[in-house]
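The structure under discussion appears below in the form of structure tokens.
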Amino acid sequence: MRGFIRSWKVATATALAVSVFAVQLTSAVAQSIVATGESFITSRLLPGYSAADNTRIAGLRMSMKPGWKTYWRTPGETGIPPRFDWSASENVETLKIHWPRPALFESFGMRTAGYGDVVVLPIELTPLDPDRPMRLALSAELGVCREICVLEHVEQVLEIAPDAQQIGKRQIRSALRRVPKVPQNAEVSVAACDLGRSGSDQMLSAVLQFSDMPKAPVVLVEHTDGAWIKRTKQRMGESSLDLDIYFVPSKDRPWVDRSAFRMTVLTETAAYDLHGCKTG
């Protein structure tokens with residue numbers, strides 16, 4: 001593949017084999033993965049539509065069987081992180097997945113974030129040569145869960161010509177409208193962020209300030225530089241939300257970078273994407 005596309009990896013991802021019968025994820029509380037010989041998810045790459053600056057907005061449509069769900073980019077307290085490998089793609093300079101707002105599920109007594117029924121992941125593409133077709137080649141490992149969890153391997157290939165017909169535009173645009181946004185008008189901001197310890201655990205204490213306090217916000221926390229988020233405790237105030245974020249640093253990066261914390265804030269009416277934090 002010409003150009004550099006790095007396989008998208010969630011910071012907490014654990015290497016998993018498709019032929020596994022029963023595997024327990026490390027560094028996380030997770031349910032077992034079993035092999036059933038049956039597929040519970042159907043996927044399809046959508047050519048999408050042309051956008052500005054020679055970009056293309058394609059999509060990955062995933063449909064689950066009734067009652068089954070797959071996971072958001074970071075599952076939450078338990079779950080199986082999705083793993084995408086686009087390295088066999090051709091004539092693709094940049095590739096970015098946009099994640100629509102996830103639903104919250106209870107899985108084995110713990111909260112997870114993911115999708116049921118049908119979800120479309122918009123994919124923003126820039127070709128190396130806009131006059132040549134792009135060839136998207138996806139190899140993915142997806143956890144699909146109900147009473148049990150199954151690790152499914154997905155292979156998809158799609159060639160998108162420069163003048164390709166628009167297919168899936170309405171679905172992709174609908175999904176883009178549900179992607180959490182970076183706040184533009186101080187609806188929510190990180191007011192303070194301090195590293196500390198709680199017993200043997202490392203902890204980040206953060207304060208989120210709201211211009212109009214929502215009734216029951218939920219914050220999903222990630223660390224884009226390899227730390228594993230164990231759990232997050234929330235305490236609501238009149239106009240703020242206090243967070244105690246317990247985490248385990250990456251073995252390769254023992255120094256924790258505050259700017260690598262990412263918080264997705266879900267309210268009844270909106271979803272926000274916050275990157276990084278500052279000291280209190």
Side-chain angles (χ1 to χ4, degrees), residues 8-13 27-30 71-79 81 97-107 109-114 178-280:
W8 185 87
K9 294 182 180 180
V10 175
T12 58
S27 298
V29 178
Y71 291 101
W72 188 53
R73 62 174 181 252
T74 298
E77 295 176 342
T78 184
I97 297 177
H98 295 274
W99 293 81
R101 172 184 179 140
L104 299 178
F105 301 94
E106 184 174 302
S107 181
M110 287 171 282
R111 187 180 67 192
T112 59
R178 294 186 288 109
V179 173
K181 308 298 182 184
V182 175
Q184 299 297 320
N185 299 309
E187 299 97 335
V188 58
S189 61
V190 183
C193 197
D194 295 296
L195 291 170
R197 299 191 70 90
S198 176
S200 60
D201 291 330
Q202 294 201 43
M203 185 177 72
L204 180 84
S205 297
V207 178
L208 302 188
Q209 194 75 35
F210 293 84
S211 59
D212 184 12
M213 190 67 187
K215 290 183 179 180
V218 174
V219 182
L220 305 175
V221 183
E222 307 163 73
H223 192 269
T224 59
D225 200 29
W228 171 57
I229 308 300
K230 292 176 65 177
R231 65 187 182 279
T232 301
K233 293 183 178 179
Q234 301 186 180
R235 297 184 303 278
M236 290 185 61
E238 291 184 2
S239 61
S240 65
L241 184 68
D242 292 345
L243 303 175
D244 291 335
I245 302 163
Y246 300 86
F247 64 91
V248 177
S250 167
K251 292 181 181 179
D252 300 328
R253 300 178 181 86
W255 299 102
V256 176
D257 183 358
R258 284 186 180 90
S259 67
F261 282 95
R262 184 177 186 180
M263 304 178 196
T264 301
V265 183
L266 306 178
T267 74
E268 291 181 343
T269 58
Y272 302 104
D273 191 5
L274 304 178
H275 292 255
C277 54
K278 60 185 179 180
T279 58

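- Minimum interatomic distance between Arg111 and Val219 (heavy atoms only, all atoms of both residues): NH2-O, 3.9 Å.
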>> Could you walk me through whether Val188 and Thr267 satisfy the side-chain contact (heavy atoms from CB on, under 4.5 Å) test, starting with their C-alpha distance in whole Å, then the side-chain angles of each, then the deciding distance to 0.1 Å, before giving a yes or no?
In response: CA-CA 11 Å; Val188 58; Thr267 74; over 6 Å; no
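- Among all heavy-atom pairs drawn from Trp99 and Tyr71, the shortest one is CZ3-O, 4.1 Å.
- A donor-acceptor pair is defined here as one N or O able to donate and one able to accept, closer than 3.5 Å; such a pair exists between the side chain of Arg101 and the backbone of Ala270.
- Here the side chain of His223 pairs a donor or acceptor atom with the backbone of Asp257 at under 3.5 angstrom.
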>> Walk me through whether Asp201 and Arg231 qualify under side-chain contact (heavy atoms from CB on, under 4.5 Å).
In response: CA-CA 11 Å; Asp201 291 330; Arg231 65 187 182 279; 3.3 Å; yes
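- Between Glu238 and Met213, the shortest heavy-atom contact is O-CB, 3.3 Å.
- A distance of 9.5 Å separates CD1 in Ile245 from CD in Gln234, rounded to the nearest 0.5 Å.
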> Yes or no on side-chain contact (heavy atoms from CB on, under 4.5 Å) for Val265 and Phe210, after CA distance, side-chain angles and deciding distance?
Replying inline: CA-CA 11 Å; Val265 183; Phe210 293 84; 4.0 Å; yes
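- No donor-acceptor distance shorter than 3.5 angstrom exists from the side chain of Ser259 to the backbone of Gly276, with no hydrogens or angles considered.
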>> Would Val248 and Lys230 count as a side-chain contact (heavy atoms from CB on, under 4.5 Å) here? Give the steps.
In response: CA-CA 7 Å; Val248 177; Lys230 292 176 65 177; 3.5 Å; yes
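- Between Asp194 atom CG and Met203 atom CE the span is 9.5 Å, to the nearest 0.5 Å.
- Atom CE of residue Met263 and atom OG1 of residue Thr232 lie 8.5 Å apart, to the nearest 0.5 angstrom.
- Closest heavy-atom contact between Leu266 and Pro102: CD1-O, 4.1 Å.
- Atom-to-atom distance recorded for Leu243:CG and Arg235:CZ is 8.5 Å, nearest 0.5 angstrom.
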